[in-house]
Student: 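Before I ask anything, here is the structure I am working with.
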Amino acid sequence: MTTEPMSAETSLPPHVTERLVPALGGRMQARVLVAGQGDPVLFLHGAGGLAWDPFLEALSAGHTVYAPEHPGAGDSDALEHLPGIWELVLFYDEVLDGLGLDEVAVVGHSFGGMVAAELAANSPRRVSRLVLLSAIGLWRDDTPIPDIAGTSPARLPELLLADPSGPLAETLTPPADDPQALFEAALRMASILHFVWPLPDKGLRERIHRVSAPTLLVWGERDALVPPVYADEFAGLLRQSEKVLIPGAGHLPQLEQPEPVRRAVLEFLGRP
Amino acid sequence: MKSIFFHLMPYRDLPADFETRYESIWVTPPNTELCDPQRVAQYYQWNLDELELADRLGFDGVGVNEHHQNGYGFMASPNLMAAALARRTPNNSAIMVLGNTLALYSPATRVAEEFAMLDVLSNGRLAAGFPVGTSMDVNFCYGVTPTQTRPRFREAEELIIKAWTQPGPFTFNGKFNQLRYVNPWPQPLQKPHPPVWLAGGGSVETWDLAARRDYTYSYLSFFGAKFAKKLMDGFWHRMAELGVDRNPFRAGFAQLICVSETDESAEKEYLEHCSYFFNKCLHIPAHFMTAPGYRTRKSAEFAIRTNQPGDLAAAAALEKNWKTLNEEGFIIAGSPATVADKLIEVAKTLRVGNLHALLQIGSMGHELTKKNLTLFAEEVIPRIRHIWDAEGWEHKWWPQGATERSASGTSIGTERSASGTSIGTDRSKAAPAASQA
């Protein structure tokens, strides 16, 4: 086990193991949660951090799930080795080498979706299938993505959830009277903003034509952060894609409406 | 102690319901709705008149700073103001630009060039402020990635000092500044370079830089000495750890000050302007104060350990009435004797040799500002100027070409140039001046 600060889980279920995979010639390590049996699936998380949640649990029923923690959340020095999105993509490419995965299906949520698309553009022969859940990475002037850092935490539920008063709302931010927890959450966010500040548009549009993997676009119908028009934007640029809109879901469809998301993703990944 | 009249240049006529109608004074206050260029034309004239008056009255320095998209300080380029002041301050005050936000300039040689121009234009009177900058300016207004704030600052500082001190042309291969030819014309007049004044809000990395490079450090907050105490104790503790002496001129602090004939008349004259300042000018939501990644782990942990978030929240929650503002030390107000006594106590408590006196506050009008400046210069400065004399420290960070008003006698009429030897010959003749307006 690592002594690095843990960002997400306090205790892992017994069937989930943790692997430390060297990258960048040993200068960094990726922490990867692994569980399940079957064809490999790489899951890349968003700004909320890595947690073994019911969606990953569902994926692991028929697949071997590899869920790396995005670098830099615990130790900001890690980001000095990763000045931009290009180095981050190469980092994940090396992690796949380290895991011995030549070809893999990739599922990414939000920022993780952006990285997944970049990875599939960089290594099209490596990514067999691609699932983008509420992904960032493109920009439309007529639908600007709100500034999540320049927004009061009190407004996050309405940006991220179809039901801002639902039980997920209080999981979005640490308690206001816990400065240490707030700071750890800020560092997790910082490690993602590092790659997408000030706007999440870092050139994917120029590279996305290289993606050869069939792609599933899953969007919450009521995503106020990255509205569904972005699913259409991705669809217009990808060679082969299909879109599933999830009613009653915002920016975290896999948590807010787990059942339809699980069904759509498993069906897509299970195709021959 | 050195007294610098520090002008924020605020919008003096914000609507009465500003703080309930708008999210923030900074970053997002809508410009066409709130900022009338006609009024700003008048403000700029007043602001410069006030700074020029401070020079004539015998302040040691006049100070300007940089903010962006900010209703309490619309001085996007303090260098423009400093250039105007360099030509219109015959009493040879220090020109304190506190400062240029280094991380914003790419390449950072722009700052080396403009500061060198100012130094030459003012005949060696420039104090070169190097602030890391606020999250509002750096991350939100100028789009610098929060995690790059400090790396960009560090690299810019290195490049600027090299540009000022190494013979050009030379090559600089940085992460953010990659230049084949660094060769600014001119290099500064002051040698080895203009004194560097760091300005900060309590980041421990900045203290280490002050120690390592022998720079002076000013703690800039609007919450007075009580609030600054923990921070400045931390600063001096760190200096001791690093083997740095306790020269009080290594440190400065900012203070809102209101001087009147009596303590009672001070409240009548100044309360509304102080309320305006605290309620409107400091109306900044927490999410703009610190973008994730702006603070390093080290600084954040120091802030948490010393309960800065709690103290800030408590300070923000206080009702800003006259009694509270005075008792908490957010403002120092009253008769000249009251103000001088409190300033001496505060300076000794914090161990600071540089006072950035905020004497134009919020909506304060031109006439009242002139009164505040005049009373401060005539009645307060003589009482606080010599408080560190007995310890015998040298002020190594005072611009070489600026008039040294505190070195001799008690009267501001007996000034001399501190720098007759190091700066051009005409400077030493130009120094003394009638200091009465």
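Convention: sequence-line order gives letters A, B, ...; per-chain numbering from 1.
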Student: Of the backbone (N, CA, C, O) and the side chain (C-beta and beyond), which part of B/F288 lies under 4.5 Å from a heavy atom of chain A, both, or neither?
Tutor: side chain
Student: Determine the minimum heavy-atom distance between A/E184 and B/R297, stating which atoms define it.
Tutor: OE1-NH2, 3.0 Å
Student: I'd like to verify something: which residue of B/N139, B/T28, B/V27 has the highest number of heavy-atom pairs under 4.5 Å with chain A?
Tutor: B/N139
Student: Heavy-atom distances under 4.5 Å only: say whether B/V144 touches chain A with side chain, backbone, both or neither.
Tutor: backbone
Student: Using every non-hydrogen atom in the two residues, find where A/M189 and B/P292 come nearest and quote the distance to one decimal.
Tutor: CG-CG, 3.7 Å
Student: Can you see which heavy atom on B/G143 is nearest to which on A/P198, and at what distance?
Tutor: O-CD, 3.8 Å
Student: Would you say that more than 12 heavy atoms from the other residues, nucleotides or ligands in this model lie under 6.0 Å from the CD of A/E170, or not?
Tutor: no
Student: Rounded to the nearest 0.5 Å, how far does CZ of A/F183 lie from CZ of B/R295?
Tutor: 9.0 Å
Student: Which bit of A/D177 is near chain B, if near means a heavy-atom gap under 4.5 Å: side chain, backbone, both or neither?
Tutor: neither
Student: Find the distance between CD1 (A/I192) and OG1 (B/T147) and round it off to the nearest 0.5 Å.
Tutor: 11.5 Å
Student: Does a sphere of radius 6.0 Å around NZ in B/K298 hold more than 12 heavy atoms from other residues, nucleotides or ligands, not counting ones at 6.0 Å or beyond?
Tutor: yes
Student: If every non-hydrogen atom of B/T145 is compared with every non-hydrogen atom of A/L193, which pair is closest and at what distance?
Tutor: CG2-O, 4.0 Å
Student: For B/E19, what residues pass the side chain to side chain donor-acceptor pair (under 3.5 Å) criterion, not counting sequence neighbours?
Tutor: B/K280
Student: Could you list all the salt bridge (charged side-chain N to carboxylate O under 4.0 Å, His left out) pairs where at least one residue sits in residues 148-157 of chain B, not counting sequence neighbours?
Tutor: B/E157-B/R213
Student: Is B/R110 atom CZ crowded by more than 12 heavy atoms from other residues, nucleotides or ligands, each under 6.0 Å away?
Tutor: no
Student: Which atoms form the tightest heavy-atom contact between B/A291 and A/W197, and what is the distance?
Tutor: CB-CH2, 4.0 Å
Student: Between chain B and each of A/G150, A/P179, A/A186, A/P83, count heavy-atom pairs under 4.5 Å; write down the option with the most.
Tutor: A/G150
Student: At a heavy-atom separation under 4.5 Å, does A/S191 approach chain B through its side chain, its backbone, both, or neither?
Tutor: neither
